[in-house]
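Atoms within each ligand, like the ligands themselves, are counted from 1 in listed order.
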Amino acid sequence: MLTPNLSYANLKESYLFYHIAQRTKAWLAEHPDKHLYRMGIGDVSLPLVPAVIAALHEAVDDQSEKNRFHGYMPECGAPFLRETISEYYQKRGISLSPDEVFVSSGASDELGDILDLFDRSNRALIMEPAYPAYVDANIMAGREIVHLPSGPDNHFLPLPKEGLDADLIYLCSPNNPTGAVYNRDQLSQWIAWANARGAVILFDAAYEAFIEEDLPRSIFEIPGARTCAIEICSLSKTAGFTGTRLGYTVIPKDLERGGLNLNAMWIRNRTTKTNGISYILQRGGAAVFTEEGRKQVLGNIRIYKENARVLMAALDEAGAHYWGGKNAPYIWMQCPNGMGSWEFFDKLLGEIQVVGTPGEGFGACGEGFFRFSTFGDPADTREAAKRLLNLLRK
Ligand code: PLP
């Protein structure tokens with residue numbers, strides 16, 4: 001008889017955001033007349049920008065004509081997009097060749113798929129609080145997980161320390177959920193540690209576009225990263241592609257382990273397991289990196305940043321303790337009066353109809369904290385901030 005992947009039995013019953021959605025839906029069924037202020041899931045609320053929409057329309061038209069039509073696309077990405085993305089890095093002083101850039105259908109998909117490159121026996125180190133998919137994807141793969149907790153003491157930016165033992169390191173900067181961003185010196189410490197022990201860093205840069213201070217937006221800004229890091233990025237939050245789906249992954253050609261080249265391995269993987277990403281989407285994605293597209297997506301990011309400012313002003317006025325909000329679209333707040341994070345979730349939902357995300361869902365060290373997403377509707381965010389301030393003042 002067939003044996004299923006028994007590692008699935010080790011997963012929590014449901015994925016965090018699915019669980020929140022179910023809990024919220026149940027509450028709404030009992031209170032159908034109430035409006036909810038949704039600041040839970042990190043999903044965007046603004047539509048795609050005009051430059052992207054125009055490129056998508058044009059690409060649809062291409063597909064209607066014999067001499068402009070595209071069939072299967074190259075498995076690792078269309079050359080026009082790989083070149084555009086390598087130029088995007090070049091503008092930031094990072095030299096990458098286009099064939100070190102792989103176009104993907106999003107960071108989540110890639111974070112799961114990339115595990116194909118690594119043996120099950122490797123130990124995965126996950127800095128926590130963390131995006132829950134890191135943990136779940138490794139549990140599914142049957143891999144041992146080393147949890148690296150962080151907290152206010154280290155500003156939610158854990159560093160390598162003596163006795164730490166792992167092979168695959170997840171770093172997310174700017175971090176979801178805490179909004180913390182590693183500086184150059186801190187990333188150098190991780191790179192030195194990974195190179196010294198032959199580990200590989202999976203660097204999740206999904207929120208790089210939100211950094212406004214002088215902090216690294218790519219791990220490849222730091223010397224030594226080319227021999228130990230893979231960078232996973234996405235247009236979801238940069239350009240509102242959450243429902244459109246497009247991302248990219250950088251695997252330097254210098255990255256080798258066990259006599260194998262990881263860039264070559266990923267080419268082998270993609271050419272076997274995918275038939276490329278839709279031509280239409282890749283055209284839409286390329287428009288994000290044009291001068292006009294860049295201006296427009298930054299305009300949307302400014303709107304989300306204004307949401308963050310409004311929320312932070314309310315939290316400041318309430319005297320709340322929080323992190324993030326400046327270089328990231330998340331605000332990470334300490335629950336008031338020692339409250340548990342699910343307890344605070346229920347209180348906000350029941351009393352002011354604001355939906356956030358309990359910190360406990362991002363790892364045990366997230367208990368006692370709460371995440372607000374700033375991707376919501378600006379009017380809703382203003383109202384939520386007002387309600388939050390009143391509640392915290394009581
Ligand atoms: N990585 C992090 C840290 C995220 O927070 C998210 C989504 O919220 C993703 C990856 C997934 O992005 P995508 O929409 O590209 O799958």
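- Protein heavy atom closest to atom 4 (C) of ligand 1, with residue, atom name and distance, is Tyr207 OH, 3.4 Å.
- Both cation-pi conditions hold for Arg82 and Phe102: the charged atom is under 6.0 angstrom from the six-membered ring centre and inside a 45 degree cone around its axis.
- At a 3.5 angstrom cut-off on N or O pairs, Arg245 counts as close to ligand 1.
- The protein atom (non-hydrogen) at minimum distance from atom 3 (C) of ligand 1 is Asp204 OD2, 3.2 Å.
- A distance below 6.0 Å separates the ring centres of Phe210 and Phe375.
- Near Gly106, with a cut-off below 4.0 Å to any heavy atom, the atoms of ligand 1 are 15 (O), 16 (O).
- Residues Tyr88 and Tyr248 keep their aromatic ring centres 6.0 Å or farther apart.
- Against a heavy-atom cut-off of under 4.0 Å, Cys172 is close to the following atoms of ligand 1: 3 (C).
- For ligand 1, the atoms closer than 4.0 angstrom to any heavy atom of Asn176 are 3 (C), 4 (C), 5 (O).
- Centroid-to-centroid, the aromatic rings of Phe369 and Phe362 stay 6.0 Å apart or farther.
- Taking the charged nitrogens against the carboxylate oxygens, Asp43 and Arg38 have no contact shorter than 4.0 Å, which rules out a salt bridge.
- For Asp377, there are no salt bridge (charged side-chain N to carboxylate O under 4.0 Å, His left out) partners, not counting sequence neighbours.
- The N/O atoms of Thr242, backbone and side chain alike, include none that comes under 3.5 Å of an N/O atom in ligand 1.
- Taking atom 14 (O) of ligand 1 as the reference point, the nearest protein heavy-atom neighbour is Ser236 OG, 2.6 Å.
- Not one N or O of Tyr134 is nearer than 3.5 Å to an N or O of ligand 1, by distance alone.
- Aromatic ring orientation, Phe345 versus Phe370: tilted (interplanar angle from 30° to 60°).
- Side chain of Asp167 to main chain of Asn122: no donor-acceptor pair is present (N/O by atom type, distance under 3.5 Å, no hydrogens or angles).
- Protein heavy atom nearest atom 12 (O) of ligand 1, with residue, atom name and distance: Ala107 CB, 3.7 Å.
- Looking at atom 7 (C) of ligand 1, its nearest protein heavy atom turns out to be Lys237 NZ, 3.2 Å.
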